[in-house]
2 protein chains.
Amino acid sequence: MTRAEAADMPDDGEFRTPERLRRRASRLLSQVAAQTDRLITDGLARADARKWHYAALASLEEHGPASQATLSRRTGVYRSDMVGVLNELSERGLVERALDPGDRRRNVITITTQGRRHLHRLDKVLDDLHEELLAPLRPAERDQFVRLLTRLLDHHTQQAPPPP
Amino acid sequence: MTRAEAADMPDDGEFRTPERLRRRASRLLSQVAAQTDRLITDGLARADARKWHYAALASLEEHGPASQATLSRRTGVYRSDMVGVLNELSERGLVERALDPGDRRRNVITITTQGRRHLHRLDKVLDDLHEELLAPLRPAERDQFVRLLTRLLDHHTQQAPPPP
DNA sequence: TGACTAACGTTCATGTCACTAACGTTCGTT
DNA sequence: AACGAACGTTAGTGACATGAACGTTAGTCA
């Protein structure tokens, strides 16, 4: 039996999530986010990439070459993890790591032509994945959804940027 | 220099997240969910509880005594993890674990009076936390938000219930 | 100038989460 | 009587978010 067609037996709830939980915005958020994460992670994996790779490449194309620390701050990827991400990207020729002649502590990371091409391919992949993600919502609702999320994020982010 | 007072230099974005990322529903979701998770986890910790504890107790009160496997299905807490959750809850006298006389594979978990009291306390704590979470939204918007999330979740959940 | 502080890249370690694998026990069905 | 499946349990995996510490380098100030 599949729980869905349980029209005959009263289904006292072998699979029924308590209303208390079902209604909570926090739980809805975490569930939807988890589903989304799997969708995106799998989709990117099929395109031979990962979220962090995309984030780094996107940052490099939008704002130009940067140090690893800056990339880390811009993408939210932790600086410890950025190391590995850039290792992989540079191994594959998507970015180049060079010593900053003006500051020998820094590496200057630059996106390559190949990296740009990869990024644009990933942009399309993500467009498709988001189409799938937001399929049940009409365009106006999608906008609303994004707006609400943005407001929530802004509200809960504003009081904790790195201190001066 | 501190980025905040960069009114003079054009702030080419030492901390600026790429638009590509900022706009994506997937990223917004994951960020907001992460913030939310911390809010809830911390809040519950202050009340000496954890999400899974709440989920188990809520399920027990709403649907009555159940086996661990059933609890796991109802709450989404993985059955491997349910073991530890119930250990902790029963150590604290919030639930009781008894062998099911009718099926010696099963444990029957029952919520205690103390557990009920704890649960009701947590309900209040969660109400407050959600008030904080959704603070920037007006009541109608909160409803909208929950509705949109629910539709997304339903859509992405319906095609993968446990197989017959 | 020399000493101190802070940022950088890096490695290693920690904790949580979702999930898989495997095990022995028990049940239901054939 | 035998087999497959469900149960509770333990142990382990991989992704993710962090923290600690280290050597190197820059910038600041006494």
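Naming: A, B, ... by sequence-line order, numbering from 1 per chain. All values below were derived from every heavy atom in this structure, side-chain atoms included, with hydrogens, water molecules and symmetry-related copies excluded.
- Counting only heavy atoms from C-beta outward, the side chains of A:I109 and A:R97 approach each other to under 4.5 Å.
- Between the CZ atom of B:R74 and the C1' atom of D:dC7 there is a distance of 16 Å, rounded to whole Å.
- In this structure, the nucleotide among D:dA17, D:dT9, D:dC7 sitting nearest to the side chain of B:V83 is D:dT9.
- Considering only side-chain N and O atoms, A:Q68 lies under 4.0 angstrom from the phosphate OP1 or OP2 of C:dT10.
- Distance, A:L71 CG to C:dC8 C1': 13 Å, rounded to whole Å.
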For this session: Could you give me the CA-CA distance, side-chain angles and deciding distance for B:D37 and B:K51, then say whether side chain to side chain contact (heavy atoms under 4.5 Å, CB included) is met?
Result: CA-CA 9 Å; B:D37 190 66; B:K51 288 176 289 180; 2.6 Å; yes

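- Summarising the geometry, the separation between OH on B:Y78 and C1' on C:dT16 is reported as 17 Å, rounded to the nearest angstrom.
- The residue among A:D103 and A:G76 whose nearest nucleotide of DNA chain D lies closer to the 5′ end is A:G76.
- Between A:R79 and A:D100, the residue anchored closer to the 5' end of DNA chain D is A:R79, taking for each the nucleotide with the nearest heavy atom.
- For the OP1/OP2 pair of D:dT9 and a distance below 4.0 Å, the side-chain nitrogens and oxygens of B:N107 include at least one atom meeting the criterion.
- Annotation: side chain of B:R92 is in contact with side chain of B:D48 (closest heavy-atom distance under 4.5 Å).
- Nearest nucleotide to the side chain of B:A69, out of D:dG8, C:dC8, D:dC16: D:dG8.
- Protein atom CD of B:E88 is 10 Å distant from nucleotide atom P of C:dT16, rounded to whole Å.
- Distance CZ (A:R97) to P (C:dC8): 15 Å, rounded to an integer number of Å.
- The interatomic distance linking B:L99 (CG) with D:dG8 (P) rounds to 11 Å, in whole Å.
- Protein atom CD1 of B:I40 is 17 Å distant from nucleotide atom C1' of C:dT16, rounded to whole Å.
- One donor-acceptor pair, N or O on each side, does fall under 3.5 Å between the base of C:dT20 and the side chain of B:S80.
- Look at B:R73 and you'll find a side-chain N or O under 4.0 angstrom from OP1 or OP2 of D:dC7.
- Annotation: side chain of A:R142 is in contact with side chain of A:E131 (closest heavy-atom distance under 4.5 Å).
- Nearer the 5' end of DNA chain C, as judged by each residue's closest nucleotide, is the contact made by A:N87, out of A:R38 and A:N87.
- Between A:L129 and A:G43, the closest heavy-atom pair is CD1-CA, 3.8 Å.
- The phosphate of C:dG9 (OP1 or OP2) has no side-chain N or O of A:R104 nearer than 4.0 angstrom.
- Atom CZ of A:R106 is separated from atom P of C:dA6 by 16 Å (rounded to the nearest Å).
- In the interface, the side chain of A:R105 is paired with the base of C:dA7 through a donor and an acceptor atom under 3.5 Å apart.
- Proximity of A:K51 to the phosphate of D:dA15: no side-chain N or O atom is located under 4.0 Å from OP1 or OP2.
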